[in-house]
Visitor: 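Before anything else, here's the structure in question.
In the text below, chain A, chain B and the rest are named by the order of the sequence lines, each starting its count at 1.
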2 protein chains.
Amino acid sequence: MTQVKPMRADARRNYERLLKAAAEAFAEHGEGASLDDIAKRAGVGSGTLYRHFPTRQALLEAAYVGRVEALARRADVIAQERPPGEALWAWLTELTEGMIQVRGLKALLGSAVTDAGSAAATVCGTTLKGAGERLVHAAHAEGALRKDVEPIDVLRLAHGVATASELADDEGACIPRYLSLVTEGLLPTT
Amino acid sequence: MTQVKPMRADARRNYERLLKAAAEAFAEHGEGASLDDIAKRAGVGSGTLYRHFPTRQALLEAAYVGRVEALARRADVIAQERPPGEALWAWLTELTEGMIQVRGLKALLGSAVTDAGSAAATVCGTTLKGAGERLVHAAHAEGALRKDVEPIDVLRLAHGVATASELADDEGACIPRYLSLVTEGLLPTT
DNA sequence: ACAGAACGCGGAGACCTTCTCCGTTTTTGC
DNA sequence: GCAAAAACGGAGAAGGTCTCCGCGTTCTGT
């Protein structure tokens, strides 16, 4: 069901060009990049952009599916290399770092773990949640994660940690620090 | 140093009107409310708005100083009513709830705990950090908070928790939940 | 290979927002 | 009062989003 009907040649061409231009523009100017400008870069009219991608979200998603899928694959690789508890933290670190380093990715993944509207079951959302679920279930089975914590909670908190880290000057150094604070808790180890 | 020179009568009048209109507009449309629209509501020209408040941040700050100061005062009230550890959590709950309930407040307080630019020592930032510091120091003295956690970290994590909660459908219920996850940690109590 | 239908293109333009500039009006100090 | 100083206000430039529809391209059937 990827494509009920094959796309017309010119449509496919433009679609591809737009994706490339979008990736560049988002990397350069963040998620707020001008859409008309992306169309111009791609050498198509703005109508074409809006036909293929009705909303900014849709374009952002399309431009980053690859990365999100890579992140999901990493989850499985890490799961094979390490014990469940460790694997979860390692993956969360990579995920959070990705959200900081790849401009626009945080916004995309944020809306991927939202309930709101809820009609929107996006590809990125599903992919991310799937990966998170596998790691969380394994960690649960191993007793390496509180039982009352759901996969979606973990993903949302990761988003929160990314946001918190972003506020610091050297986000890089803050990520592992804040992530460990969240996993171990703010209370002193008594 | 509140005001080196007394404001001209009309200036003061307009300043006040703008503040009132801004509070309404931000409450109604969130931090993204149209500035020209605020000017219109206040019955002044847009030039006047921009003269008094050069940036959206400045207006947001001016519109919410009152609330932020109230939040800071609450910190001290709570500190008198409860033991340090409890007081800190109680205040963080109120703070986080405020960020969710009062539209635009989260954005304002977010930039208040940023390092970036750093030239900006805003009133709200100072007020908030002051309140946070007092509670954190008390908690430290009592051994109710990890020694390696600084006041600014706590504020940033509160911002992160607010962000994470916002992603859920019933933010209200999520705040205490996520806040307790952060304080107690995701690891199971072994 | 060709015609006609179907589909997609593109960019002008309507509408919105931010922010500046400067002629005009209000206030103030004397 | 009056002149200087201070502040006003709103037109308009710049730049963004998104739609609409006449026109060009591609596909399909014969």
Visitor: Return no unless some side-chain N or O of N14(B) is found under 4.0 Å from OP1 or OP2 of dC8(D).
Guide: yes
Visitor: Is it true that R156(B) and D115(B) have a side-chain N and a carboxylate O under 4.0 angstrom from each other?
Guide: yes
Visitor: Going by heavy atoms closer than 4.0 Å, what residues in residues 23-39 of chain B are next to DNA chain C?
Guide: A33(B), S34(B), L35(B), D36(B)
Visitor: If every non-hydrogen atom of G104(B) is compared with every non-hydrogen atom of Y64(B), which pair is closest and at what distance?
Guide: C-CE1, 4.2 Å
Visitor: Can you pull out every ring-ring contact (aromatic ring centres under 6.0 Å, His included) where at least one residue sits in residues 73-96 of chain B? Sequence neighbours excluded, please.
Guide: none
Visitor: Round to the nearest Å and state the distance from K40(B) atom NZ to dT17(C) atom C1'.
Guide: 10 Å
Visitor: All N/O contacts under 3.5 Å from nucleotides 27-30 of chain C to the protein, with atom names and distances to one decimal?
Guide:
unit_1, atom_1, unit_2, atom_2, d
dT28(C), OP1, A9(B), N, 3.3

Visitor: Quick one: does R103(B)'s side chain have a donor or acceptor within less than 3.5 Å of a partner on E28(B)'s backbone?
Guide: yes
Visitor: In whole Å, I'd like the distance from the NZ atom of K5(A) to the C1' atom of dA5(C).
Guide: 12 Å
Visitor: Of all the heavy-atom pairs spanning A25(B) and A33(B), show the shortest one and how long it is.
Guide: O-CB, 3.8 Å
Visitor: Does any part of the side chain of L155(B), heavy atoms only, come nearer than 4.5 Å to the side chain of L109(B), both counted from C-beta?
Guide: no
Visitor: Should H52(A) be listed as having a side-chain N or O under 4.0 Å from OP1 or OP2 of dC9(C)?
Guide: yes
Visitor: Between the main-chain N or O of H140(A) and the side-chain N or O of K147(A), is there a donor-acceptor pair closer than 3.5 Å?
Guide: yes
Visitor: Is R51(A) touching bases, backbone alone, or none of the nucleic acid, heavy atoms closer than 4.0 Å?
Guide: base
Visitor: For D36(A) and K40(A), what are the C-alpha separation, side-chain angles and deciding distance, and is it a salt bridge (charged side-chain N to carboxylate O under 4.0 Å, His left out)?
Guide: CA-CA 6 Å; D36(A) 274 28; K40(A) 210 157 284 167; over 6 Å; no
Visitor: Charged N to carboxylate O below 4.0 Å: is that the case for E166(A) and K106(A)?
Guide: yes
Visitor: From CZ of R12(B) over to P of dC8(D), roughly how many Å is that when rounded to an integer?
Guide: 12 Å
Visitor: Return the value, rounded to whole Å, for the distance between atom CZ of F53(A) and atom C1' of dC9(C).
Guide: 15 Å
Visitor: Using a cut-off of strictly less than 4.0 Å, decide whether S46(B) has a side-chain nitrogen or oxygen near OP1 or OP2 of dG10(D).
Guide: no
